[in-house]
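Structure record follows, encoded as structure tokens.
Quick caveat: nothing in here was measured; it's all calculated off a predicted structure.
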Amino acid sequence: MWDRLAASDPGLLRLTAGLRTVTAIALTLAVLAVLRVPVPHLVAGAMAAMVSTFAVREQQRSKQAVTLALGLPVALVSVSLGALLNQQVVVGDLFFVLLIFCAVYGRRFGDRGTALGLIGFQVYFLSLFVHATTSALPALFGVICVAFACSAAARFVLLPQTPTGTLDRLRRAFRARLAQLLAVQTELLDAGPDDVEKVLDDLRTATARLHETALMIQGRLEDGTSDEAVARLLQRRIADAEIAAERLGLLLLTARSAERTDTLTLHLPGATLPSGGELPVRDEATAALRRDLQALRLLMLRPLGEARGTALAQVRNRLLGYREEENLPKASSAVQDVFRGLGEAARAALGLRTALDGPPDESDDTPATTRSREELDAEDAAIEAREESEAQEAGPTGLKRPTTRAAVQGAVGSALAIAGGELLSSQRWYWAVLTCWIVFLNTASTGEILVKGYRRLVGTVLGVVAGIGLAGLVGHHTWTAFALVLVFVFAMFYTAPLSYTLMSFFVTAMLGLLYTLLNTYSMAVLVLRVEETALGAACGVIAAALVLPIHTDRRTNELLVTVLERLAGVTRAAVDQLSGGSGADLVEQARDLDQALADLRAATQPLTHPVTPLRSRRDTARYVVALLETCAYHGRSLAATAELLPTHPAIAADPRLRGACARIVHNIEAIAAHVENPRAASEIERGSSIASMLEPGTLRTPRYGRVTDRVLRHLQRLDEAVTGLARPLGVAAGADRPKR
């Protein structure tokens with residue numbers, strides 16, 4: 001059950017965020033209750049504790065402490081201005097717009113600027129919500145100071161979260177999700193014709209979740225490890241395990257079909273096997289394959305302290321033995337490929353376990369296991385040596401690239417929301433402003449703002465229905481209402497990364513309870529809440545569409561060009577190294593490609609949303625993203641194979657690969673040029689297969705034939721996927737490229 005929880009919430013980040021916020025609010029309410037403050041101040045304290053907890057996002061505790069300390073004076077100034085300007089309609093509205101501009105503009109300065117902007121805005125909103133006055137300011141100052149102190153206690157004492165601890169939990173989540181993927185692959189082995197489609201969907205989901213966790217680990221390696229050499233080693237082992245598991249799934253798909261499965265089957269929703277059905281023969285090899293998939297899953301789940309003993313060593317040795325041709329069972333070539341994939345996955349699991357838990361017992365090693373250990377040790381030494389040489393060249397870097405466009409759009413949208421909100425209600429116009437502000441957070445295009453506003457409106461409507469029922473049940477039971485508020489706050493933060501609609505539902509239901517506590521609840525208030533939310537979302541969309549707009553097409557095209565450029569870079573660098581060129585940090589380049597693809601996937605959500613009326617456009621966007629995921633998989637695999645070259649005598653460089661790769665890189669660059677400028681005269685080149693571009697004999701040499709075959713297979717699939725991108729993106733095909 002713990003592994004399931006770790007897999008469903010990588011790093012327990014959502015659980016920690018929810019518990020920490022609830023703890024801060026509960027502690028604040030307890031202190032204020034002892035001080036016997038009135039209910040409006042209890043509400044203010046709860047809201048201040050919530051914002052001071054969730055606004056601080058830095059990973060290092062020292063930075064969190066500094067941001068929290070700076071946030072307190074910002075909050076005090078904000079609530080003071082709110083109380084002073086509460087009755088000054090024009091001046092107050094102008095200041096609110098200016099505050100929103102500054103808060104959005106603060107994203108330019110990274111996590112700290114974002115946090116201080118959030119605190120300033122939300123505390124000003126708090127002053128409007130509780131109708132703060134200048135006479136009540138001393139008491140509110142005390143309430144806010146208590147809230148910040150309780151937030152600090154929850155963060156640093158009661159529920160501390162260190163970068164090292166978070167990384168450890170993320171690594172456990174990666175191992176759990178890897179085991180889940182292996183379990184789904186076992187299901188694929190046994191699935192009947194009627195169950196194949198469901199298992200395929202589960203396989204895509206499990207693969208995507210494993211990749212998501214790998215990216216999360218990538219973002220926390222620097223802060224969560226003792227030095228950069230350890231971070232690089234973990235990065236490499238995580239990448240190896242991910243690639244090996246993904247490749248094993250593709251080999252299983254191929255074994256299930258009568259012909260080689262297109263890689264797109266694993267990445268495109270709705271794609272099916274070429275000849276779906278059962279494995280050709282239900283023989284001893286298939287039974288052994290099922291047994292070994294389950295064994296690999298169990299070995300992956302067991303911690304090092306429990307993964308000892310002769311029986312487990314024998315299982316590990318058997319799996320690693322499949323890396324030797326003489327240990328493969330008698331079966332079809334497709335099934336034998338799966339066993340080879342099992343051996344490579346076991347080797348990746350051994351490297352991952354060693355990197356995460358330390359060196360295991362070596363007393364029962366077979367020659368095949370010893371060879372795998374020696375290869376891993378050689379890779380570790382090469383990684384450390386490269387780190388030492390690169391550390392001397394590393395220089396300071398900065399990555400705080402801001403934009404004023406969102407600040408201007410947010411200010412204009414908020415001004416519209418204030419004007420419209422005042423027409424709807426002179427008392428609660430700020431709900432429209434809050435919605436307008438929120439839809440601009442973490443969005444970068446008009447389409448993203450439209451989708452976010454739509455989700456918030458749906459969640460608000462559902463939350464109003466729930467709030468009506470809860471307000472009637474709770475009545476005037478103050479502490480029962482506060483207990484439910486804590487439940488909803490936890491649910492809000494736990495579901496926020498999963499569903500913005502659910503988060504909006506819990507927010508609105510919580511606000512219904514707060515209105516009950518303030519004795520301002522009524523049906524008219526909740527209906528007004530829906531109206532103000534719709535108005536705020538509409539103002540945000542109007543501002544995004546008319547003021548310095550970033551259209552979704554423009555945003556996705558920019559990100560698509562970035563993905564293609566990074567794909568070309570990692571392909572060129574990997575093949576150059578496989579051809580005998582100098583080494584490069586290929587794993588880092590591959591992860592940069594993955595991050596760019598994740599950004600593109602998020603930006604295309606407005607195009608692929610189920611309610612979009614442009615069905616053909618939605619299908620095209622999904623197809624292009626799936627093709628790019630296929631390209632990224634083969635790029636990662638090429639990078640991982642190239643990095644093995646310096647330490648593995650079984651892999652030899654082949655200078656002819658560089659020529660075979662030239663067409664792929666040219667086509668990627670041609671597509672990128674066309675996306676960037678549709679008027680550019682860009683054409684892709686077609687020609688014979690990658691394997692036929694090399695002289696005969698390369699694939700059959702006993703020294704490195706199988707590995708070379710794998711490299712060519714990745715290049716061939718990458719060539720096919722890149723060529724497939726040309727059609728939906730409107731790139732013309734030129735003449736066939738002659739052989740070199």
Side-chain angles (χ1 to χ4, degrees), residues 25 28 32 37-55 68 70-106 113-148 151 407 410-411 413-422 424-438 440-441 507 510-511 514-515 517-518 520 525 528-529 532 536:
I25 295 174
T28 302
L32 295 178
V37 302
V39 171
H41 287 177
L42 287 176
V43 173
M47 295 180 69
M50 182 173 67
V51 67
S52 61
T53 304
F54 79 77
L68 197 59
L70 293 175
L72 180 56
V74 170
L76 296 179
V77 171
S78 186
V79 75
S80 300
L81 291 171
L84 291 171
L85 301 176
N86 193 14
Q87 303 302 322
Q88 306 295 324
V89 178
V90 177
V91 177
D93 291 351
L94 291 176
F95 175 77
F96 205 6
V97 172
L98 178 62
L99 176 62
I100 290 171
F101 176 87
C102 294
V104 179
Y105 188 81
T114 302
L116 296 179
L118 271 171
I119 291 172
F121 173 84
Q122 294 287 0
V123 173
Y124 191 89
F125 173 81
L126 178 156
S127 69
L128 299 176
F129 186 78
V130 299
H131 301 289
T133 60
T134 54
S135 60
L137 276 180
L140 284 175
F141 283 175
V143 166
I144 291 175
C145 288
V146 168
F148 271 73
S151 176
S414 299
L416 294 175
I418 289 173
E422 291 275 10
L424 286 177
S425 170
S426 61
Q427 297 295 320
R428 295 183 176 85
W429 52 269
Y430 43 78
W431 288 123
V433 184
L434 179 66
T435 299
C436 183
W437 148 270
I438 287 177
F440 275 101
L441 290 178
V507 168
M510 176 190 69
L511 290 173
L514 293 180
Y515 276 132
L517 291 171
L518 295 174
T520 56
V525 168
L528 179 63
R529 161 82 171 144
E532 296 277 4

Where the side chain of [X] meets the backbone of [Y], is there a donor-acceptor pair that is under 3.5 Å apart?
X      : Y      : value
Ser52  : Ala48  : yes
Thr435 : Trp431 : yes
Ser78  : Val74  : no

Enter the distance from [X]:[atom1] to [Y]:[atom2] here, rounded to the nearest 0.5 Å.
X      : Y      : atom1 : atom2 : answer
Gln88  : Asp93  : CD    : CG    : 11.0 Å
Phe148 : Thr53  : CZ    : OG1   : 8.5 Å
Thr133 : His131 : OG1   : NE2   : 11.0 Å
Leu94  : Leu99  : CG    : CG    : 12.5 Å
Leu116 : Leu70  : CG    : CG    : 6.0 Å
Leu76  : Leu72  : CG    : CG    : 4.5 Å

Checklist entry - Does the ring centre of Phe95 sit less than 6.0 Å away from the ring centre of Tyr124? => result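 Tyr124 vs Phe95: aromatic centres under 6.0 Å.
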Item to check | Check: Phe121 ring centroid to Phe96 ring centroid under 6.0 Å | outcome: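 So the answer is yes for these two rings.
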Next on the checklist: Could you report the tightest heavy-atom contact between Cys436 and Ala417, atom names first, then the distance?
Outcome noted: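 Heavy atoms only, the tightest pair is CB-CB, 4.3 Å.
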Checklist entry - Taking all atoms of both residues into account, what is the closest heavy-atom pair of Ala75 and Ile119, and its distance? => result CB-CG2, 3.9 Å
Would a 4.5 Å heavy-atom cut-off, applied to side chains only, mark [X] and [Y] as touching?
X      : Y      : value
His41  : Val130 : no
Ile25  : Met47  : no
Phe125 : Val51  : no
Ile418 : Tyr430 : no
Asn86  : Ser127 : no

Next on the checklist: My understanding is that only residues two or more places apart in sequence, or in another chain, count here; which of them pass side-chain contact (heavy atoms from CB on, under 4.5 Å) with Ala83?
Outcome noted: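 Ala83 satisfies side-chain contact (heavy atoms from CB on, under 4.5 Å) with Ala132, Leu137 only.
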